Each structure stands twice: as C-alpha cells, then as structure tokens.
Amino acid sequence: MQDKLEQIQKEALTALEPIDDEKALEKWQVKHLGRNSALMEVFKGLGSLSKEEKPLVGQEANQVKIALETASEEKENRLNQHKIYLALEEEQIDVTLPGRRTTSGSLHPTTHTLREIYRVFGDMGFQIYQSREVETDQYNFQLLNFPLHHPARDMQDTFFISSAEDRGDDPLLLRTHTSPGQIHYMQEHTQKYPQDPPPIRIILPGMCYRYEQITTRSEIQFNQVEGLAVGEGITFGDLKGTLSNFAHRMFGQNVKTRFRASHFPFTEPSAEMDVGCFLCGGEGCSVCRGAGWLEILGCGMVHPTVLNNGGFDPEIYSGFAFGMGPERITMMRHRIEDIRYFWANDLRFIDQF
Ligand code: DAH
C-alpha cells in the first residue's frame, strides 16, 4: 500500500511539472485530487483494512494529499505571478517614444467674420438681436412690403414648411433673409414703449435658406447680418456715415466706398454699397471681374409702410436698414472661390483659418 501511495504521489507530481496554464491545472486537480482520483480510492478503501494497517495507511494517504495540495497551490501561485508579469510586459510604456500631438480646433471662417462685424457695430452702439429661422409668409414677405406676385416669392426661392392646419396665404417657411427680424424687433419695441419709443440700433445675424441650385456662388443656406436704426431725424447721411465707417474698419482705412441706387421692397430709397477691390486696388481683376468694385451689402431708408408695420409713425420716425452676407465677405477677403466649402465640413478647409 505504501508503494502504491508513493506511486500515486510520484505520478501526480510528474504530471504537474509541465503544466503552464490554469485550464490544465484544473484538469490535473480533478484527476489527482478529485473524487474519482486514485488517492481518494485509497481513502475509500481504508474501511476494509485491518486495525493495525488503517492508521498507518490513513496517515500516509493524508501526507500524500497534503503534498499534492501544496504542490498544486504553489503551481497556481506561479501561474498567477506569470500572468501579472505578462500583463505588465504588455502594458509597458516606452517613455522615449515621441508624444502624440493634440490638435486644437479653429474657428469657422464665417465665425471670424461675424465676430469682426459684431465688434465694429458694437463699437457704434448696435446691439445684437437674434430672430427666428422658421418664419411665416407674413413676416418674411408681406409685412416687408413685398407685393403679392413679387418674383422673390416664387416657389423656387423659398423652402415652405407644410403644417397640419391650412394657413392660407400665410404658410410657414424658412426665412430667406434676416429682414423679417426687423419687424419682430420693431413690434416688440413699440409694444414695450407705446409712447415715445427710444431709438433702435440693432444688428440681426443668422442663417437664411433659399431653395436654389447650389453652385460655386450660391448655397441653399448662408448667413446674413441685418442692421436697423430707427429714431427721429435719421437721414440717408447717417446710413452713409455708418456704413462707410464700417467698411473702413472692416477692410482698412484706405478702402474706397461707393453707393449705387438699387431697389428693395422694404426700403425707399434703396442702394447697394461697393468697396474698391482690395486685390487690384480698382484696376480690375478676376475677383472683381474687371469692375474694380466689389458689392458688399444692400441698404436703404426703411420704407414708411414697413415702419408702420413695426408700430412706428412714419410721419415722426425714420430709419435705415442694411443686409450683408458674411460668407461673401469672407470669400472676398480670403479669395475663396467656391461657397460650397463653407458647409462641406472639410477640416482641411476650416483648419486654414
Ligand atoms: N434682405 C435683402 C436680401 O436678402 C438684403 C437687404 C437689402 C437687407 C437692403 C436690408 C436692406 O435691410 O435695407 O437680399
């Protein structure tokens, strides 16, 4: 019996020796220490032994059991240690490797231009008013004195929004310009101050939408910055002074400006302001298409009907308004030839500013 126990121990330890993973160790434990192992058979057989043999064999079997359990535990510890070692090895950090560069974002070129516009008009006492992008036909057109069959109202220019209720002549739409904000602001203002409303000096920036063919020069979405000044005794001279000052601060003291007569339904008289082409200095080049001038905004004296719609008595009050496209201004300043870059979300474009 003693030989047998020795044999059991030797076999088990020999089998344990080459084991190098947990799975194999578990199998080994089942085979050599489990319920059906040869060692357990010995324990089970103790009952049939003589009185003298029983304690001797029992003691020895116990010693074998302890020896195997100890060896198994040691093996387990070693395997664990090895696992930790491997993990550390794998996660080792090579501090001599070059660091990973962090990229810092940059502002969208339109944001740069918008901020400059805010700064220049802010210095002149203009405040910013944000109006809504979803408008009604009434505010986008009718209250701005667009005659019913004005070409700008054509379906192709406007994104109309379908609504559950039938709104008749006043459908919902995406604003095609920032001008409807003029009416909202004037109405709020004159409701707040029914008597003697204080003068207004605001700019209204924001996104506009037009149902147009996308080309290098026109997008279906773009920003505008609207301006509005209303008060007693405001003249076309104030308009010219304000906008010339803006052009000089925006494009440089030496830039030339000119006003050309134009037409907008909501202003009378209306004009467009050009600045001398800052690339060719007026000689004529590809950017100004030979004209020597670049058109940068539309403007005019607020039409009496529009003043009236805003709650101002046109007999007492007058005002001027203007509207410009910051993307267009950005294109001129940076010689960007395609407006589609602005909303293409290509970082290679945006990172340049
Ligand atoms: N709303 C005009 C447009 O989208 C721009 C404009 C022109 C705005 C003259 C004005 C203005 O306030 O006085 O083309």
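Both counts, for ligands and for their atoms, begin at 1 and track the order of listing. Fair warning: this is a prediction, and the values are worked out from it, not measured in the lab. Reckoned from all heavy atoms, side chains included, excluding hydrogens, waters and symmetry mates.
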Atoms of ligand 1, numbered as shown, that sit under 4.0 Å from any heavy atom of [X]:
{"X": "Thr267", "result": "13 (O)"}
{"X": "Ser179", "result": "1 (N), 8 (C)"}
{"X": "Gly298", "result": "7 (C), 9 (C), 11 (C)"}
{"X": "Gly300", "result": "13 (O)"}
{"X": "Gln224", "result": "3 (C), 4 (O)"}

Nearest protein heavy-atom contact for [atom]: which residue, which atom, what distance?
{"atom": "atom 5 (C) of ligand 1", "answer": "Gly323 CA, 4.2 Å"}
{"atom": "atom 11 (C) of ligand 1", "answer": "Phe266 CE1, 3.5 Å"}
{"atom": "atom 12 (O) of ligand 1", "answer": "Glu226 OE2, 2.6 Å"}

For ligand 1, does [X] get within less than 4.0 Å through its side chain, its backbone, both, or neither, judged by non-hydrogen atoms?
{"X": "Phe322", "value": "backbone"}
{"X": "Arg210", "value": "side chain"}
{"X": "Ala321", "value": "both"}

Decide whether [X] and [Y] meet the rule of one side-chain donor and one side-chain acceptor closer than 3.5 Å.
{"X": "Thr257", "Y": "Asp274", "value": "no"}
{"X": "Glu327", "Y": "Tyr341", "value": "no"}
{"X": "Glu226", "Y": "Tyr129", "value": "no"}
{"X": "Thr215", "Y": "Ser218", "value": "yes"}
{"X": "His177", "Y": "Glu135", "value": "no"}

Looking at ligand 1, does any of its N/O atoms fall within less than 3.5 Å of an N/O of Thr176?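 No.
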
Look at ligand 1 and say whether Gln182 reaches it with a heavy atom at a distance under 4.0 Å. yes

Does the residue Phe320 have a heavy-atom contact with ligand 1, meaning some pair of atoms that are separated by less than 4.0 Å? no

Using modelled atom types and a 3.5 Å cut-off, is there a donor and acceptor pairing between side-chain atoms of Gln142 and backbone atoms of Asp169?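 Flag set: sc Gln142 to bb Asp169 pair under 3.5 Å.
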
Return the orientation label for the Tyr139 and His184 ring planes: parallel under 30°, perpendicular over 60°, tilted otherwise. parallel

Heavy-atom neighbours of Arg340 CZ exceed 12 at 6.0 Å: yes

Per the ring pair (Phe, Tyr, Trp, His ring centres under 6.0 Å) rule, which among Phe246, Phe264, Phe121 passes with Phe322?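 Of the listed options, the one satisfying the test is Phe121.
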
